[in-house]
There are 2 protein chains.
Amino acid sequence: MESNNLEASLADQHDILRSRLNREGLRLTGPRKKILDLFVMTPDGEHLSAEDIHYQVTTKGGKISYSTIYRALHMMVDLGIMREVELAEERKYYELKTSLAKQHHHLVCVQCGEVHEFEDHRVTKASRQETLEHGFLLRDCQFTVYGICQTCQLSAL
Amino acid sequence: MESNNLEASLADQHDILRSRLNREGLRLTGPRKKILDLFVMTPDGEHLSAEDIHYQVTTKGGKISYSTIYRALHMMVDLGIMREVELAEERKYYELKTSLAKQHHHLVCVQCGEVHEFEDHRVTKASRQETLEHGFLLRDCQFTVYGICQTCQLSAL
DNA sequence: CAACTGTTGAAAGCTATTTCTAATAAGCAA
DNA sequence: TTGCTTATTAGAAATAGCTTTCAACAGTTG
């Protein structure tokens, strides 16, 4: 029953993405389904890098190339389905865009990489105000706070 | 007279950086002076990438290697003299940290790359509050708003 | 000014991402 | 269903930004 619900919801997501893609002359393929599934099943507050995706697919016995992963990610970012976030220096992370209204931001530990998500109305307001004042059309904004978490502070002693 | 003042202020900057470096067993060298000078002479709201620095030095007839540029930039970031900012996808940009109190943020046009700097007390507050709530030690925060500037909006018609 | 040790440039290396291409497979129409 | 059209795939090679290595060099200090 559990798994039926899950499967149903994944199938729904597939249909949504398929029609979105087809409208643009694009196609929903096996690899794209797998990638979408991973994001749908990823808990809030976690993000996936291209490497994460490759690892998750291959350890499940699947097979996927990095070029496919990157192409799918870019495509979904272009369609406005995903967001690229800069959490660590070395690589890019991706997350599904849920609601445009619910912007969230990140608090990152620069030592261990732990990430907290948070919402802050003031930040959202500031981005609206700033784009308005300069006549910009708001596309996205990223607010990332870098610090050292308690655990790392203690272990540094 | 103009140039005397400029030279004087550059020499002052050199002395400040020299003593700061020597305190840590580091040295103020020719290439480091050149790099610092570029940042001092760069107007507010502009940022330099490693490539920019290389270009500026070499077109003035100078010579500098990328390894030296990157080493100098990292050193100054570690010393807290500079800040690394993520303005574009492909490369990192650097700016001098002026006053720690005066945090500023960036509004970037995703089409033409135009950058505006702005301050916003609410954002600063939000970063303090968030780190406090999670027991983090605040290191830095970056708030970057992405949009499309008026010029690009008009030229898209 | 000599010794000590940090710094430099050039080249090699690294790694995330992108490009290229022949083979494959969605989506569409009959 | 079947076949056609064309987007998409895997895999390899290429790219790009950045880092490391190391022998020669040059600030600093006494």
Side-chain angles (χ1 to χ4, degrees), chain A residues 11 13-36 47-58 60-79 81-82 84-94 113, chain B residues 11 13-36 47-55 57-58 61-79 81-82 84-94 113:
Chain A
Q13 298 282 347
H14 292 171
D15 290 340
I16 293 169
L17 182 56
R18 176 179 291 114
S19 56
R20 185 88 177 68
L21 290 176
N22 292 351
R23 203 183 313 156
E24 318 263 348
L26 303 170
R27 294 169 187 176
L28 180 62
T29 62
R32 290 180 182 170
K33 276 184 214 160
K34 282 187 200 163
I35 294 172
L36 179 66
H47 310 82
L48 299 173
S49 65
E51 197 185 358
D52 294 335
I53 294 168
H54 188 262
Y55 178 80
Q56 298 237 31
V57 171
T58 53
K60 277 174 190 145
K63 212 178 184 189
I64 194 167
S65 75
Y66 275 101
S67 46
T68 301
I69 296 172
Y70 283 114
R71 257 178 286 134
L73 291 173
H74 293 163
M75 186 198 70
M76 292 198 277
V77 168
D78 287 348
L79 289 178
I81 295 166
M82 299 202 118
E84 195 180 272
V85 289
E86 311 265 0
L87 298 179
E89 297 273 270
E90 329 81 48
R91 73 187 96 257
K92 288 169 188 159
Y93 287 86
Y94 295 84
Chain B
Q13 297 282 349
H14 292 172
D15 290 341
I16 292 169
L17 183 56
R18 175 180 289 113
S19 57
R20 185 85 177 70
L21 291 175
N22 293 350
R23 202 185 311 157
E24 319 264 348
L26 303 170
R27 293 167 186 176
L28 181 62
T29 63
R32 290 180 183 171
K33 276 183 212 159
K34 282 186 199 164
I35 294 172
L36 180 65
H47 310 81
L48 299 173
S49 65
E51 197 184 356
D52 294 335
I53 294 168
H54 188 262
Y55 178 80
V57 171
T58 52
K63 212 180 185 186
I64 193 166
S65 75
Y66 275 101
S67 45
T68 301
I69 295 172
Y70 283 114
R71 259 174 302 184
L73 290 173
H74 294 166
M75 188 198 69
M76 293 196 277
V77 168
D78 288 346
L79 289 177
I81 294 168
M82 297 201 123
E84 196 180 270
V85 289
E86 312 264 359
L87 297 180
E89 298 273 87
E90 328 80 46
R91 71 189 97 260
K92 289 170 189 159
Y93 287 85
Y94 296 83

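Heavy-atom basis, side chains included; hydrogens, waters and symmetry copies ignored. Just so we're on the same page: letters track the sequence lines, and every chain starts at 1.
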Side chains of B/R18 and B/D15 in contact at under 4.5 Å (non-hydrogen atoms) | yes

Taking the side chain as every heavy atom from C-beta outward, state whether A/T29 and A/T68 have any atom pair closer than 4.5 Å.
-> no

Protein-nucleotide distance ([X], atom [atom1]; [N], atom [atom2]), rounded to Å:
X     : N      : atom1 : atom2 : answer
B/K33 : C/dT7  : NZ    : P     : 14 Å
A/K34 : C/dA25 : NZ    : P     : 12 Å
B/L26 : D/dA26 : CG    : P     : 19 Å
B/E84 : D/dT19 : CD    : P     : 8 Å
B/E24 : C/dT7  : CD    : P     : 11 Å
B/H54 : D/dC18 : NE2   : P     : 13 Å
A/I35 : D/dA10 : CD1   : C1'   : 13 Å
A/L17 : C/dA26 : CG    : C1'   : 13 Å

Determine: side-chain N/O of [X] to OP1/OP2 of [N], distance under 4.0 Å, yes or no.
X     : N      : value
A/K63 : D/dT9  : no
B/R91 : D/dA16 : no
A/Y70 : C/dT17 : yes

Contact class for [X] vs. all strands (heavy atom < 4.0 Å): base, sugar-phosphate, or nothing?
X     : value
A/S67 : base
B/E90 : sugar-phosphate
B/G25 : sugar-phosphate

Working to the nearest 0.5 Å, report the span between OG of B/S19 and CD of B/E24.
-> 10.5 Å

Separation between CD1 (B/I35) and CG (B/L48), nearest 0.5 Å, reads 10.0 Å

Look at the side chain of A/R18 and the base of C/dG27, then say whether one donor and one acceptor between them are separated by less than 3.5 Å.
-> no

Any donor-acceptor pair under 3.5 Å joining the side chain of A/R27 to the base of D/dT6?
-> yes

Can you figure out which of C/dT18, D/dT19, D/dA7 approaches the side chain of A/H74 most closely?
-> C/dT18

Taking C/dA16, D/dC18, D/dT8 as options, the one with an atom nearest any side-chain atom of A/R71 is D/dT8

Is the backbone of B/L17 close enough, under 3.5 Å, to the side chain of B/R32 for a donor and an acceptor to pair up by distance?
-> no

Closest-nucleotide ordering on DNA chain D, the 5'-leading residue of A/M75 and B/Y66 | A/M75

First encountered from the 5' end of DNA chain D, between A/P31 and B/N22 = A/P31

